[in-house]
Amino acid sequence: MKLKEEVNTLIKKAFAKAGIEAEPITVTDATKPEFGDFQFNGAMALAKQLKQNPRQIAQTILDSLETGGMLQKAEIAGPGFINLWLNPEWIAASCQKAEQDERLGIGKKENPIKAVVDYSGPNMAKQMHVGHLRSTIIGDTLANLLEFLGDEVIRQNHIGDWGTQFGMLIAYLEEMGEEGNGSLKDLEQFYKDAKGRFDADETFANKAREYVVKIQSGDAHCLTLWKKFIDISLGHCEEVYEKLDVNLSREDVRAESFYNETLVKVVEDLDKAGMLKESDGAQCVFLEGDEVPVIVRKSDGGYLYATTDLAALYYRANVLGAKRISYVVDARQSGHFKQVFRVAKEAGFVPEDVKLEHVAFGTMMDKSGKPFKTRDGGTVKLIDLLDEAVVRAKAAITSKENYSEAELEKIARIVGIGAVKYADLAINRESNYIFDWDKMLSFEGNTSLYMQYAYARIQSIFRKYGKEIEGEIVIGDELEHKLAVMLLRFEDVLNKAAEDAAPNQITTYLYELVTLFMRFYERNPILKEGVDERTRLSRLMLADLTAKSIKQGLAILGIQVVDRL
RNA sequence: GCACUCUUAGCUUAGCUGGAUAGAGCAUCGGUUUGCGGUACCGAAGGUCACAGGUUCGAAUCCUGUAGAGUGUACCA
């Protein structure tokens with residue numbers, strides 16, 4: 001339910017009825033419990049415009065306000081705040097509906113759009129490392145979220161499969177023969193070995209250079225080697241995606257090489273648009289106000305990533321028909337994207353109404369605030385990190401339940417991977433992220449385990465109850481009121497999170513929701529003796545809607561839940 | 001040099017379409033239970049929202065400047 005919008009509609013109607021002409025000012029969540037559920041602060045802003053005192057304006061609005069069964073009361077406070085209380089019966093009925101609905105009462109967009117989300121983008125010449133983690137899970141969350149809200153999401157994994165290093169790599173692959181398959185398991189090592197050969201052996205180096213040219217000119221033998229290399233390397237990535245529980249498949253891969261043939265046209269079109277200028281032998285676009293140009297063709301005739309990105313933008317906007325194109329890439333590339341987006345718009349590669357956004361995120365740091373590295377200063381392989389998460393999760397869930405080794409492994413996997421994802425998604429993506437095992441595997445605070453624990457605890461109530469939950473929700477006290485309103489806010493939160501591409505808004509919401517539930521549950525017993533059946537069922541249903549909301553929220557974050565832990 | 005980003009409690013942070021006393025968690029101190037999963041809940045203490053101006057009835061939030069940190073800065077991606 002779009003709760004805020006519904007409340008807003010009431011205010012808008014009141015404006016119309018009172019004959020106030022002003023741009024709509026929206027209600028906000030009440031800042032304090034004693035101020036009700038929502039507050040409208042617009043009267044103060046209107047005071048100057050209407051040349052009236054704000055309390056009087058508030059009174060006028062109030063006089064015209066029709067509650068529509070939704071509001072219980074509205075009061076003026078302070079200099080002209082209007083505090084709004086939702087009607088408990090209306091809340092109860094709305095929650096009832098949500099509880100019985102598969103989508104928890106959350107609607108699908110009326111005007112869905114095609115949205116491209118570009119994320120993960122590993123380099124085929126290297127192993128996936130922690131640097132790819134944030135892009136992969138933030139991007140996946142955004143894609144899940146938009147999809148859930150009804151947009152047609154096109155996931156794009158823009159893998160790096162082109163460049164001079166591949167000449168060296170396939171030359172080495174060829175030299176290794178059948179053995180190559182095995183050694184490709186450790187790409188990092190493979191790369192090092194190939195580089196070693198390249199530096200030590202002139203003949204090999206020449207062959208490597210020759211192979212670069214041959215791939216580019218479409219030599220069959222070299223292309224076969226190259227394809228084999230990409231295939232194996234991509235397989236490693238898929239192993240990571242599988243472990244990470246991320247929705248990226250081979251169909252989502254649209255590699256750099258995919259745009260090769262269109263690069264010439266990009267440059268031609270820029271030339272036609274009169275945007276091209278030669279500088280030191282390179283073809284450049286000089287944007288007004290920018291010191292450094294966007295180079296689209298090197299002096300040696302080669303193309304750059306800006307060219308590929310322009311080709312990709314063209315493809316996504318015109319062939320795929322996307323109206324929103326989101327790049328989930330490290331914040332350090334913000335300058336690059338700002339330029340490329342500008343060029344694409346000015347050259348008409350992308351229509352004006354297409355939203356281009358760089359969903360930037362900060363660097364992953366270790367506990368001491370330095371960039372995340374292994375003890376000897378190397379990059380941490382993502383697959384190792386994920387395996388460690390599962391091992392650590394196992395140690396954290398010393399459960400009273402008697403699990404078989406297989407069950408424990410399964411739960412540890414969900415919990416461990418979930419913890420890694422949640423901790424990352426829970427902070428504002430633009431700030432640097434401090435990676436801390438102890439914090440992420442703690443049961444306290446805004447953590448994945450606190451959510452998992454709450455969910456499992458609710459499931460335990462249901463197991464104990466053992467019957468169908470069919471009753472009527474009745475709002476019994478202040479806490480139930482707060483919990484129910486929080487449950488109804490879910491759609492608002494998801495929409496805002498989608499608009500801002502901000503997963504942490506979802507985690508913040510879930511945390512508030514669970515905290516409220518815990519307080520509610522602490523004070524309002526469900527299965528204890530002395531609770532009448534009617535109240536019991538109402539509370540069970542609130543618990544059920546809470547659990548479903550947790551599950552749905554986590555699902556959007558790409559995290560599964562477990563019934564016991 | 002120039003550009004962009006950041007600076008909120010000891011630590012990690014939320015809040016940024018301007019609103020009423022800036023929210024949390026960790027750590028610290030104290031409390032709750034014959035406990036529906038206590039890996040929970042309640043409370044205390046802890047803040048010149050980097051600093052200085054400005055706009056406004058009202059600023060953590062918008063603007064300008066200063067300081068500190070980070071990042072980017074012509075043929076890598």
Side-chain angles (χ1 to χ4, degrees), chain A residues 25-26 28 30-32 34-35 39-45 47-48 53-54 77-81 83 121 123 125 158 160 162-165 256 279-284 286 289-300 302-306 308-309 329-336 338 360 362-363 367 369 396-401 423 426-428 430-434 436 438-439 442-447 449-450 452-454 456-461 463-465 496 500 504-505 507-508 511-512 515 518-529 531 536 539 543 564-565:
Chain A
I25 299 158
T26 58
T28 56
T31 52
K32 300 247 178 271
E34 59 267 34
F35 298 154
Q39 61 185 55
F40 178 75
N41 307 331
M44 275 91 73
K48 192 177 253 178
N53 112 32
F81 297 101
N83 294 332
N123 187 332
H158 190 82
W162 206 248
T164 49
Q165 70 269 49
E256 270 174 44
S279 174
D280 291 341
Q283 296 297 321
C284 307
F286 285 87
D290 273 10
E291 243 179 81
V292 292
V294 181
I295 302 178
V296 291
R297 207 178 71 189
K298 299 194 277 184
S299 47
D300 68 2
Y303 299 99
L304 293 114
Y305 73 135
T308 311
D309 277 340
V329 182
D330 193 298
R332 281 174 286 202
Q333 296 204 32
S334 64
H336 164 72
K338 214 175 262 179
T363 313
K367 242 173 142 174
I397 50 172
T398 45
S399 168
K400 299 147 213 158
E401 313 250 358
I427 68 150
N428 184 333
E430 287 182 71
S431 39
N432 286 344
Y433 162 51
I434 294 174
D436 181 349
D438 296 331
K439 218 180 128 191
S442 158
F443 278 88
E444 279 145 16
N446 185 7
T447 64
L449 288 193
Y450 181 74
Q452 294 281 9
Y453 174 75
R457 202 172 164 188
I458 295 172
Q459 296 311 311
S460 160
I461 301 170
R463 279 194 296 273
K464 199 151 202 167
Y465 182 66
K496 185 73 171 34
D500 299 345
N504 74 308
Q505 291 178 12
T507 59
T508 300
Y511 181 59
E512 280 172 12
T515 306
M518 287 292 201
R519 287 170 59 195
F520 150 81
Y521 186 49
E522 198 74 23
R523 242 179 46 190
N524 298 3
I526 295 178
L527 299 182
K528 277 188 186 172
E529 298 263 328
V531 180
R536 174 171 294 161
R539 288 174 182 172
R564 299 166 203 263
L565 101 108

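Bear in mind the structure is a predicted one, so any value in this text is a computation, not a measurement. Naming convention: chains lettered A, B, ... in sequence-line order (proteins, then strands); numbering from 1 in each chain.
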task = Can you tell me, in whole Å, how much space there is between the C1' of B/rU34 and that of B/rA24?
result = 33 Å
key: Euclidean distance for P, B/rU61 against B/rA22 (whole angstrom)   = 14 Å
query = Just how far, in rounded Å, is C1' of B/rU7 from CG of A/Asn432?
reply = 12 Å
query = In whole Å, what is the span from the CZ atom of A/Arg539 to the P atom of B/rC36?
reply = 16 Å
query = Taking OP1 and OP2 of B/rC57, is either one under 4.0 Å from a side-chain nitrogen or oxygen of A/Lys48?
reply = yes
request  = For A/Tyr305, enumerate each residue passing the ring pair (Phe, Tyr, Trp, His ring centres under 6.0 Å) test, keeping only those at least two apart in sequence or located in another chain.
outcome  = A/His336
remark   = Rounded to whole Å, the CZ-C1' distance (A/Arg463 to B/rG37) equals 9 Å
message = Taking B/rA52 as the reference, what is the distance to B/rA9 when you measure between their P atoms (whole Å, please)?
response = 15 Å
Residue pair A/Thr363 / A/Asn432, side-chain heavy-atom distance below 4.5 Å = yes
query = At under 4.0 Å between heavy atoms, what does A/Glu256 touch on the DNA or RNA strands: base, sugar-phosphate, or nothing?
reply = sugar-phosphate
query = Any side-chain N or O of A/Lys439 under 4.0 Å from OP1/OP2 of B/rC11?
reply = no
request  = Let me know the distance between CD of A/Gln452 and P of B/rU39, rounded to the nearest Å.
outcome  = 17 Å
key: Same-atom distance (P) from B/rC57 to B/rC11, integer angstrom   = 38 Å
message = At less than 3.5 Å, do the side-chain atoms of A/Asn83 and the base atoms of B/rA20 form a donor-acceptor pair?
response = yes
message = Tell me the interatomic distance from A/Asp330, atom CG, to B/rC76, atom C1', rounded to whole angstroms.
response = 15 Å
query = Is there ring stacking between A/Phe81 and B/rG19, where the centres must be under 5.5 angstrom apart and the planes under 30 degrees?
reply = no
request  = Let me know, please, whether A/Thr28 or A/Gln333 comes out on the 5' side of the other along RNA chain B by nearest nucleotide.
outcome  = A/Thr28
ask   = Hey, which of these two, A/Arg297 or A/Leu449, hits RNA chain B nearer its 5' end, going by closest nucleotide?
value = A/Leu449
request  = Could you measure between the two P atoms, the one in B/rG18 and the one in B/rC63, and give it in whole Å?
outcome  = 11 Å
inquiry  = Without decimals, in angstroms, what is the distance between A/Ile397 CD1 and B/rU39 P?
reply    = 15 Å
Pairwise C1' distance for B/rU48 and B/rC2, with rounding to whole Å = 33 Å
remark   = Taking B/rA20, B/rA40, B/rA77 as options, the one with an atom nearest any side-chain atom of A/Met518 is B/rA40
note = Stems field, RNA chain B, Watson-Crick or wobble, 3.5 Å, at least 3 pairs, by first number, holds B:1-7 with B:67-73, B:10-13 with B:23-26, B:28-32 with B:40-44, B:50-54 with B:62-66
message = Assess whether a salt bridge exists between A/Asp438 and A/Lys367, defined as any Lys/Arg side-chain N lying under 4.0 Å from an Asp/Glu carboxylate O.
response = yes
message = So, does A/Arg457 get its side chain near the phosphate of B/rU39, meaning an N or O under 4.0 Å from OP1 or OP2?
response = no
inquiry  = Distance check, P atoms only: B/rG68 and B/rC51, in whole angstrom units.
reply    = 16 Å
task = Consider the side chain of A/Tyr453, meaning its heavy atoms from C-beta on, and name the nucleotide among B/rG15, B/rG37, B/rU71 that approaches it most closely.
result = B/rG37
query = Roughly, in whole Å, what's the span from CG in A/Asn41 to C1' in B/rC57?
reply = 13 Å
Side-chain N or O of A/Lys32 closer than 4.0 Å to phosphate OP1/OP2 of B/rG23 = yes
message = What's the closest nucleotide to the side chain of A/Leu304 if the choices are B/rA40, B/rC57, B/rA77?
response = B/rA77
task = Please confirm whether any donor atom in the side chain of A/Ser279 sits under 3.5 Å from an acceptor in the base of B/rA74, or the reverse.
result = yes
query = Expressed in whole Å, how much space separates the C1' atoms belonging to B/rA45 and B/rA59?
reply = 28 Å
query = Is A/Tyr303 close to A/Glu256 at the side-chain level, that is, under 4.5 Å between some pair of heavy atoms?
reply = no
ask   = Can you find a side chain N or O atom of A/Arg523 that sits less than 4.0 Å from OP1 or OP2 on B/rC41?
value = no
message = Which nucleotide wins on minimum distance to the side chain of A/Asn428, given the candidates B/rA14, B/rU71, B/rA20?
response = B/rA14
request  = Answer yes or no: is there a donor N or O on one side and an acceptor on the other, between the side chain of A/Arg297 and the main chain of A/Gly281, under 3.5 Å?
outcome  = no
Nucleotide of B/rC75, B/rA40, B/rA20 approaching A/Lys298 most closely (side-chain heavy atoms) = B/rC75
